[in-house]
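Data first, discussion second: the structure below is written as structure tokens.
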Amino acid sequence: MLTKKQIRHVLDTIAKMFPDAHCELNHSNPFELTIAVMLSAQCTDQMVNKVTKELFNKYRTPEDYVRVPLEELEQDIRQIGLYRNKAKNIKKMCQILIEKYNGEIPRSREELVQLPGIGRKTANVIMSTAFGDPAIAVDTHVERVTKRLGICRWKDTPLQVEKTLMKKVPKEEWAITHHRLIFFGRYHCKAQNPQCHVCPLFELCREGKKRLNQKCV
DNA sequence: CTCCCGATAT
DNA sequence: ATATCAGGAG
């Protein structure tokens, strides 16, 4: 496991590597962000943006999603994958937004995770990115890189990873650190071809050494 | 744990 | 051909 000092070094290093890390899901309000994050499960941001470009032009309010036939919404998001579940969840969620929340996205985690298709990770993204409230969303990238670096244990669940990060990272840095970890995982410490040679964190990364000895990337 | 699932990279 | 992608629900 990394020491407090080493974790500080990780945070400073990825800050230099990705000075402009940010949310890459295109959106112009909390409602659009919520739809985009729901669509993004097991799918690239790039594909989500490709689909939402037309989707957000056609659907602007929860009412728009509720009144269209399920099969039509399914076809509108088909390229995303997992489209039947996602279409169903979006329609259900919009119905609840209208009935219980005056058509607005609620702000608390308790209310967010109650909505169909929204789990803790999606709720944290909405809290942090849409409302500016402190939260760390642990997605596939955050989980992978924190485990490779030795910030977390291999057996940790996403919730345990989140708790470790909340403990080790100053609260005012949660949001930006989350985005830097995503960028680090997406563009450098990638799942398939991690750039261990040329990695500024190689010295403290146990997984990096293991990889360069065996496979040779 | 399994299922949902198309697009892209390797 | 197989792995992976800003996961969630049963």
Side-chain angles (χ1 to χ4, degrees), chain A residues 14 18 20-27 30-56 70-71 73-96 105 109-131 133 135-148 152 155-162 165 174-196 207 211 215-217:
Chain A
I14 61 176
F18 303 102
D20 62 339
H22 61 283
C23 176
E24 295 199 292
L25 293 169
N26 295 337
H27 65 281
F31 179 62
E32 285 189 357
L33 177 65
T34 300
I35 299 291
V37 181
M38 290 176 75
L39 292 176
S40 71
Q42 297 294 290
C43 174
T44 60
D45 281 14
Q46 199 175 349
M47 188 59 55
V48 173
N49 288 335
K50 186 176 174 183
V51 166
T52 55
K53 184 177 182 183
E54 295 181 19
L55 194 74
F56 291 164
L70 179 60
E71 296 74 22
L73 180 56
E74 285 179 350
Q75 288 311 307
D76 288 337
I77 66 171
R78 181 180 39 82
Q79 301 172 85
I80 294 287
L82 310 181
Y83 61 91
R84 282 191 274 262
N85 287 336
K86 288 173 181 176
K88 198 185 308 172
N89 287 333
I90 287 173
K91 281 178 72 71
K92 277 192 195 170
M93 178 196 70
C94 286
Q95 185 64 43
I96 296 174
I105 301 293
R109 180 182 290 127
E110 293 90 329
E111 292 170 307
L112 285 169
V113 297
Q114 204 76 10
L115 297 169
I118 298 186
R120 189 180 179 94
K121 177 261 172 179
T122 299
N124 283 355
V125 173
I126 296 167
M127 290 168 61
S128 175
T129 300
F131 298 124
D133 293 326
I136 301 180
V138 177
D139 69 347
T140 182
H141 298 300
V142 174
E143 182 173 359
R144 183 181 65 252
V145 306
T146 54
K147 288 180 177 181
R148 278 181 178 168
C152 302
K155 303 185 61 175
D156 285 351
T157 65
L159 181 57
Q160 288 174 310
V161 172
E162 180 186 331
L165 287 173
W174 285 2
I176 187 61
T177 296
H178 158 71
H179 285 122
R180 285 168 183 159
L181 287 173
I182 300 247
F183 270 58
F184 181 66
R186 183 177 292 159
Y187 301 114
H188 189 87
C189 190
K190 298 182 285 186
Q192 295 194 269
N193 287 86
Q195 308 296 104
C196 301
E207 186 65 13
R211 281 177 177 275
K215 298 183 179 177
C216 186
V217 180

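These numbers come from a predicted model, not from an experiment. In what follows, chains are A, B, ... by sequence order, proteins preceding strands, each numbered from 1.
- An OP1 or OP2 oxygen of dG7(C) is reached within less than 4.0 angstrom by no side-chain nitrogen or oxygen of Arg120(A).
- dA6(C) and dT2(B) are spaced 23 Å apart, taking the P atom of each and rounding to whole Å.
- No engagement by Leu181(A) is indicated, since no non-hydrogen atom pair under 4.0 Å with the nucleic acid exists.
- Along DNA chain C, the nucleotide nearest Glu24(A) and the nucleotide nearest Ile118(A) are compared for position; the residue whose nucleotide lies closer to the 5' end is Glu24(A).
- Residue Ser40(A) places none of its side-chain N or O atoms closer than 4.0 Å to OP1 or OP2 of dG7(C).
- Rounding to whole angstrom units, CG of residue Asn85(A) and P of dT2(B) are separated by 17 Å.
- For dA6(C), neither phosphate oxygen OP1 nor OP2 lies less than 4.0 angstrom from any side-chain nitrogen or oxygen of Thr140(A).
- Side-chain contact between Thr177(A) and Leu165(A) is absent, with no heavy atoms from C-beta onward closer than 4.5 Å.
- Summary of the strand contacts: Gln79(A) and Lys190(A) both lie near DNA chain B, and taking for each the nucleotide with the nearest heavy atom, the more 5' one is attributed to Gln79(A).
- Both Lys92(A) and His22(A) lie close to DNA chain C; mapped to their nearest nucleotides by heavy-atom distance, the more 5′-ward contact belongs to His22(A).
- Of all heavy-atom pairs between Ile176(A) and Ala21(A), the closest is CD1-O, 3.8 Å.
- Spacing between dC5(B) and dC5(C) at atom C1', rounded to whole Å, works out to 12 Å.
- Separation of the P atoms belonging to dA7(B) and dA9(C) is 24 Å when rounded to the nearest angstrom.
- Of the side-chain N and O atoms in Arg186(A), none sit less than 4.0 angstrom from OP1 or OP2 of dT4(C).
- Proximity of the aromatic rings of Phe183(A) and His22(A) is defined here by a centroid distance below 6.0 angstrom, and this criterion is met.
- The one candidate from Asp139(A), Thr140(A), Thr44(A), Asp45(A) that meets the side-chain hydrogen bond (donor to acceptor under 3.5 Å, both in side chains) condition with Arg186(A) is Asp45(A).
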